[in-house]
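Reading through the structure tokens given below for one structure.
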Amino acid sequence: MPESQELSLFYDQLAKEIQLSQTACSTAEREFNSLTSLFDNEYDNVKMFPQGSYSLGTTIRPLNADRDDFDVDFVIAFMDDDIGPSDVKKTLVMY
């Protein structure tokens, strides 16, 4: 096998080993959907979307996957100028 193919296989295997588990991805998706529903119910004209590694599909699992948390970045875009940071905080505290 040519060296470039071996290297490609190595990187493919490495990527599979360091990605978030399917369970972690499912948890992140469930929580994201829950927050999306919360904000959709509280506010008119709001958009949410994942950002960063989760959005790009390049997530990396924590070093100690059994104990460590992981984060997922997302953006909340409020189209209403009347919504302030304290309003968002109150909504999250209720959650």
Side-chain angles (χ1 to χ4, degrees):
M1 179 181 294
E3 189 173 307
S4 62
Q5 285 180 329
E6 288 178 17
L7 193 56
S8 180
L9 289 173
F10 169 77
Y11 285 133
D12 286 344
Q13 184 60 34
L14 179 62
K16 288 176 186 174
E17 288 181 24
I18 64 173
Q19 286 180 328
L20 280 179
S21 69
Q22 186 57 45
T23 301
C25 286
S26 295
T27 299
E29 188 172 329
R30 183 180 65 244
E31 292 298 323
F32 175 79
N33 290 337
S34 179
L35 285 170
T36 300
S37 294
L38 174 71
F39 281 100
D40 281 344
N41 291 334
E42 279 298 311
Y43 304 104
D44 295 327
N45 209 4
V46 62
K47 296 184 188 314
M48 288 183 58
F49 50 92
Q51 180 180 325
S53 62
Y54 193 81
S55 177
L56 295 171
T58 58
T59 56
I60 297 175
R61 67 178 169 85
L63 190 57
N64 187 344
D66 293 336
R67 292 186 308 161
D68 293 342
D69 290 334
F70 61 93
D71 70 324
V72 175
D73 302 315
F74 60 91
V75 174
I76 305 172
F78 296 97
M79 306 306 169
D80 185 350
D81 291 338
D82 294 337
I83 300 170
S86 61
D87 299 318
V88 175
K89 183 177 179 181
K90 287 177 192 171
T91 301
L92 289 172
V93 169
M94 291 185 323
Y95 177 69

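No hydrogens, no waters, no symmetry mates; every other heavy atom, side chains included, goes into these values.
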Residue pairs meeting side-chain hydrogen bond (donor to acceptor under 3.5 Å, both in side chains), one or both in residues 37-51, sequence neighbours left out, come to Y43-T91
Determine yes or no for a side-chain-to-main-chain donor-acceptor pair under 3.5 angstrom, with R61 supplying the side chain and E17 the backbone. yes
Taking only residues two or more places apart in sequence or in another chain, which ones pass side-chain contact (heavy atoms from CB on, under 4.5 Å) with S55? P50
How is the hydrophobic cluster of V75 composed, in terms of its other members, when Ile, Leu, Val, Met, Phe, Trp and Tyr link through side-chain heavy atoms under 4.5 Å apart, directly or indirectly? F49
For L92, side-chain contact (heavy atoms from CB on, under 4.5 Å) partners two or more places apart: L35, F39, V88
Excluding sequence neighbours, so at least two apart, what forms side-chain contact (heavy atoms from CB on, under 4.5 Å) with S8? D12
Distance from L9 atom CG to S4 atom OG, nearest 0.5 Å? 9.5 Å
Could you measure the distance from the CG atom of L38 to the CD atom of E31? Nearest 0.5 Å is fine. 11.0 Å
What distance do S34 atom OG and E29 atom CD have between them, rounded to the nearest 0.5 Å? 12.5 Å
For the backbone of T23 and the side chain of T27, can you confirm whether one donor and one acceptor N or O come within less than 3.5 Å of each other? yes
Is the backbone of I83 close enough, under 3.5 Å, to the side chain of D87 for a donor and an acceptor to pair up by distance? no
Closest heavy-atom pair, Y54 versus C25, reported as atoms and distance to 0.1 Å, is OH-O, 3.5 Å
To which residues is F10 joined in a hydrophobic cluster, defined by side-chain heavy-atom contacts under 4.5 Å among Ile, Leu, Val, Met, Phe, Trp and Tyr, whether direct or through other members? L7, Y11, L14, I18, I60
When you look at F70 and L20, which way does the side-chain contact (heavy atoms from CB on, under 4.5 Å) test go after all the steps? CA-CA 9 Å; F70 61 93; L20 280 179; 3.9 Å; yes
Decide side-chain contact (heavy atoms from CB on, under 4.5 Å) for F78 and M48; before the verdict, give the C-alpha distance in whole Å, the side-chain angles of both, and the deciding distance to 0.1 Å. CA-CA 9 Å; F78 296 97; M48 288 183 58; over 6 Å; no
